[in-house]
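Just so it is clear, the model here is predicted, and its values are computed rather than measured. Sequential numbering from 1 along the given sequence is applied to the chain's residues.
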Amino acid sequence: MNKTPRSPDIGEAESTYSKAAKSELAKKYDAAFRLYIKSAEIFLHLSRSTDQNERDKAKWKGRAAQALERAEKIKSVTKKSTAIASGGTDESNITLTPVGIDQFSHRQQSYVLQKSSSVNGHVYPLWDEAPSITLSSSTEFSDTDGQPSLSPEQREVATIWRRPHCKAYTDPTTWQIGAQDIVQHIVTDCSVCASLSVCVEHSRRFGSKLARDAIHYDPLTGRCDVKIFFNGFWRRPGRKVIDDKLPHHPSNGTLMCMTCQDPNDTTVAWPSHLEKAYMKLMGGYDFPGSAFGGWIPEQLDIKSSNFERERTWTRIYNGFNHGHCMITLGTGPQPDLRWGPAYLLSSHSYAVIDVEEDNKDRVLTVLDSWVPVSQDEEQATRTLRIPWSDVLATFEGIYLSWDPQLWSTTLTFHGRWARKENASGSTHEARARFHLTDPPQSYTEVWVLLTRHVVNSRNSSNFIALKVETEDAGVASSVGAASVLDNQGVYTNSAHVLTKCRMSQNQPNGILSMLASYDGACQNVGFTLTIYTPPQVDIVWETDVATPPFTSEIESQWTHKSAGGNPEYPTYMVNPQYRLRVHGQPRSKVKVCLTVHTVKDLPVNITVLWSQGDRVFDLSHKDLVATSGSYRYGLARLTTQLAPGDYSVVLSAFEPQKTGPFTFTVESSSRFDLNNIPQEGAGMDIETAAGGPSFKHYMHNPIYEFDCPADTQIKVRLQLIRPGASAPLNVTILPPNSSSSTVHIITSGAYDDAISGVVTPQISLNKGKYWLVPSTYSPGVQAPFQLILYSSVSVAVKEKKDMFVVLRVSNKLSVGKRQLSDRCFIQSTLWNS
């Protein structure tokens with residue numbers, strides 16, 4: 001009897017465990033600990049292997065538990081030893097080197113792919129090798145997983161499953177069909193039909209075997225082995241395979257799925273079998289679907305402001321006619337869509353089977369696979385020659401599939417997002433070191449593809465985003481860069497995100513940083529990152545990234561009181577701010593990484609400034625140290641080198657009053673302190689009043705009287721609600737019944753047009769009444785404003801009614817009058833004439 005070959009992993013696991021036991025006996029606990037952990041990892045890998053039977057799997061799982069138990073014993077011994085040593089009764093102090101999982105190991109990569117084999121409650125194993133279609137038995141094969149669920153249209157006519165009467169797969173003419181021969185009648189998988197159509201057209205033009213290589217069929221038994229690239233690897237649509245039964249109409253016997261007939265009206269079944277395999281994978285014939293095939297997917301939003309009309313045409317024209325890419329088009333959800341005489345379906349996929357250009361026209365030949373049951377295929381207008389300009393006006397998206405053979409180097413990493421409890425998402429950072437062997441004159445592109453592993457095809461609430469940049473690219477040095485919204489890293493519920501990174505001779509060497517983010521309800525989600533590089537770029541994964549020795553994490557949130565928006569808003573100063581004190585040797589530099597993670601629809605930014613760790617009120621170029629760059633959705637990260645000293649870190653969302661939780665993480669190669677900077681006026685009361693504009697008296701500034709019931713500390717800030725053109729401001733506290741500003745108690749100083757407004761120094765006032773007067777430097781200014789009064793005791797504020805006091809400041813006359821209400825801030829309008 002033939003025995004199953006012994007896996008080399010078994011020998012390695014047993015040998016590693018034996019070495020661990022010997023090290024433990026020799027009291028080499030650090031080595032023993034690492035070896036026990038390693039052996040447990042190998043045993044666990046064996047217990048998950050599909051090559052092992054259930055008895056052996058249980059055995060290896062038990063051995064893994066045994067190894068982990070020994071490792072825990074060693075940990076307890078070392079803790080006890082450390083406690084004794086710290087008490088001074090024993091000089092021994094045993095320490096263990098932390099052991100991490102090698103995420104790039106073959107075993108870990110295989111584990112991720114195996115965990116992603118479960119889709120919609122069924123297991124879809126990896127495709128190890130193409131099976132032989134020659135079977136020893138002629139018994140008809142039946143799929144024990146059952147048939148895919150039917151769409152409502154199929155169930156309505158009581159569809160039956162039976163083997164088709166079709167041309168044999170071995171007949172060469174079976175594969176010589178055209179894209180127009182594939183027809184979609186009643187089901188909703190239009191993207192699958194469109195994808196098969198462009199594959200057939202590519203095969204006809206360039207001799208490729210994209211469809212033929214995907215299916216292995218035994219006509220005797222009806223067994224179909226179908227190869228589908230899904231969740232990061234080639235897979236079979238079922239534990240075993242599928243059978244060749246297809247849904248038929250119970251009365252007339254017509255196929256109730258995708259159909260295909262050659263020019264002699266003979267049924268060709270392999271497109272229907274490919275469709276069935278994909279529908280089984282995705283949960284049934286009522287799944288809207290998306291393309292399959294292993295090529296690089298790229299989606300272009302025609303309506304996006306970033307869409308490049310001319311460059312896109314050049315790319316698709318050259319790519320299509322050289323066989324490098326296949327194209328489909330998608331319509332939007334709008335009803336009653338038409339082009340010329342042809343009606344187009346909403347949210348529908350159309351295959352592009354030709355791309356032409358001459359001196360006058362740019363034209364795409366578009367094929368619609370949909371033919372209603374009531375319509376004759378020969379009478380249906382299925383091919384449309386649509387000018388490029390009309391394509392852009394009519395369709396919503398362009399979907400490209402690029403040949404991966406275009407790239408000289410491909411790096412692939414399989415990982416898993418582990419979402420923390422109470423967190424909405426997770427981010428994984430991958431790094432790769434690159435070198436330009438032949439730096440280009442302008443730039444070269446590196447493509448990075450993020451693929452989310454699908455667990456439930458019906459769940460549309462899983463979102464992903466990808467941010468790719470060279471390591472130093474995130475250190476912006478201008479204030480303007482910190483006030484712009486960036487479209488890179490926008491979350492999508494698509495399973496794929498393709499990002500392109502330009503590299504130039506200005507940086508021939510460096511680190512490519514990739515931040516792959518997930519937002520959704522699933523606790524653990526697999527993903528695949530793939531890097532594609534041209535010949536002039538050498539690139540390798542950074543597999544041994546050291547964990548920073550110093551880390552701090554803060555959980556907080558933007559509230560209505562602390563969501564100040566970007567630096568162009570006067571409320572920027574109320575954003576969460578932190579004092580970062582970096583320790584280190586003088587004239588040295590410390591590597592610091594700052595990260596903010598929040599909800600997916602909130603664009604955020606990190607800014608580091610010189611301010612001795614004090615609260616920042618305005619963002620100026622001279623104080624700016626670094627920023628994370630443009631505002632990015634859900635995630636901002638900044639990696640930079642900082643000299644030892646005190647810094648202020650501002651965390652902001654793009655718009656004010658946009659609230660949400662966030663996690664702020666600081667990682668550093670040196671010790672640091674991180675503390676919250678209190679808001680202005682923290683610990684003091686904020687007195688409130690507000691009013692609307694008055695148009696009767698233009699000759700007076702607003703005057704507000706406040707009454708201090710006891711000695712108090714006072715501080716006042718004046719801001720324009722909508723800063724625009726230059727309008728220098730001043731706010732002054734006067735004794736009551738003053739007729740001039742020359743005798744004042746305190747003022748904000750010279751007139752200033754800072755976005756954050758002007759503020760008085762904090763002073764002590766005795767019990768009594770005082771006047772508060774806001775003003776602008778120039779007459780003739782109309783501007784809504786707000787006054788914020790901070791006090792150590794509660795004070796009463798009211799507007800001085802029916803008093804018209806002329807204030808002359810810098811020989812300019814500023815006037816106005818407002819009415820009181822009891823809100824939190826004094827808000828009104830300055831009318832100066």
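Judged by distance alone, the side chain of S670 and the main-chain N or O of H583 form a donor-acceptor pair under 3.5 Å. Within the 3.5 Å criterion, the main-chain N or O of F307 finds no donor-acceptor partner in the side chain of D301. The main-chain N or O of A754 is never found under 3.5 Å from a side-chain atom of D618 such that the two would form a donor-acceptor pair. Distance alone, capped at 3.5 Å, places no donor-acceptor pair between the Q762 side chain and the K715 backbone. No donor-acceptor distance shorter than 3.5 angstrom exists from the side chain of D519 to the backbone of V599, with no hydrogens or angles considered. A distance-only check finds a donor-acceptor pair linking the side chain of W558 to the backbone of L651 [under 3.5 Å]. Formation of a donor-acceptor pair under 3.5 Å by the Y518 side chain with backbone atoms of C522 is found in this model. Between the N459 side chain and the N456 main chain, no donor and acceptor come within less than 3.5 Å of each other. Listed for the T659 side chain is no donor-acceptor partner under 3.5 Å among the backbone atoms of T559. No donor-acceptor distance shorter than 3.5 angstrom exists from the side chain of Q719 to the backbone of G757, with no hydrogens or angles considered.
Residues forming a salt bridge (Lys or Arg N to Asp or Glu O under 4.0 Å) with E308 (at least two apart in sequence, or on another chain): R311. By the ring pair (Phe, Tyr, Trp, His ring centres under 6.0 Å) test, F463 pairs with no residue at all, sequence neighbours left out. The salt bridge (Lys or Arg N to Asp or Glu O under 4.0 Å) test applied to R717 returns E680, not counting sequence neighbours.
The distance from atom CG of L729 to atom OG1 of T776, rounded to the nearest 0.5 Å, is 7.0 Å. Remark: R452 CZ to I464 CD1 distance equals 6.0 Å, nearest 0.5 Å.
Taking the six-membered ring where tryptophan is involved, the planes of F785 and Y704 are perpendicular, since the angle between them exceeds 60° and thus also 30°. Ring pair F664/Y578 is tilted by interplanar angle, where 30° to 60° counts as tilted.
For the pair S764 and D711, the minimum side-chain heavy-atom distance is 4.5 Å or more. Under the 4.5 Å side-chain criterion, counting only non-hydrogen atoms from C-beta, K467 is not in contact with M514.
Of all non-hydrogen atoms in T551 and F672, the two that sit nearest each other are C-CZ, 4.0 Å. Closest of all the heavy-atom pairs between P661 and T598 is O-OG1, 2.6 Å. In plain terms, the two heavy atoms of A636 and I606 that are nearest each other are O-CD1, 3.5 Å. Minimum interatomic distance between A521 and N462 (heavy atoms only, all atoms of both residues): N-OD1, 4.1 Å.
Here the rule is side chain to side chain contact (heavy atoms under 4.5 Å, CB included) with S628, and of L635, V596, L638 only L638 fits it. Considering I733, L765, V716, L734 as possible partners of I746, the one that fulfils the side chain to side chain contact (heavy atoms under 4.5 Å, CB included) test is I733. L450 pairs with exactly one of L466, V468, T499 by the side chain to side chain contact (heavy atoms under 4.5 Å, CB included) rule, that one being L466. Here the options are L619, L609, N605, the test is side chain to side chain contact (heavy atoms under 4.5 Å, CB included), and the partner is V650; only L609 passes.
For residues 644-660, every residue pair satisfying the salt bridge (Lys or Arg N to Asp or Glu O under 4.0 Å) rule, not counting sequence neighbours, is listed here: R581-D646. Every pair tested for salt bridge (Lys or Arg N to Asp or Glu O under 4.0 Å) that includes a residue from residues 597-617 fails, sequence neighbours excluded, so the list is empty. Within the structure, salt bridge (Lys or Arg N to Asp or Glu O under 4.0 Å) pairs that include any residue of residues 755-776 do not occur (at least two apart or interchain).
Under the 6.0 Å cut-off for aromatic ring centres, W417 and F527 qualify, their centroids lying closer than that. Ring pair Y491/Y633: centre-to-centre distance not below 6.0 Å.
Summarising the local packing, CZ of R309 is surrounded by more than 12 heavy atoms from other residues, nucleotides or ligands at distances under 6.0 Å. Counting heavy atoms of neighbouring residues, nucleotides and ligands inside a 6.0 Å radius, atom NZ of K303 exceeds 12 of them. Residue-environment remark: CD (Q334) exceeds the threshold of 12 foreign heavy atoms within 6.0 Å. No more than 12 heavy atoms of other residues, nucleotides or ligands lie within 6.0 Å of CD in Q612, so this atom counts as exposed by the packing criterion.
For the pair R671 and F550, the cation does not sit on the ring face, since its NZ or CZ is not both under 6.0 Å from the ring centre and inside 45° of the axis.
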For this session: Could you walk me through whether S792 and T712 pass side-chain hydrogen bond (donor to acceptor under 3.5 Å, both in side chains), step by step?
Result: CA-CA 6 Å; S792 57; T712 184; 2.9 Å; yes
For this session: Would you check, one step at a time, whether the test side-chain hydrogen bond (donor to acceptor under 3.5 Å, both in side chains) holds for T732 with H744?
Result: CA-CA 7 Å; T732 299; H744 63 260; 5.9 Å; no
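Side-chain atoms of S513 and E429 form a donor-acceptor pair, as typed in the model, at a separation below 3.5 Å.
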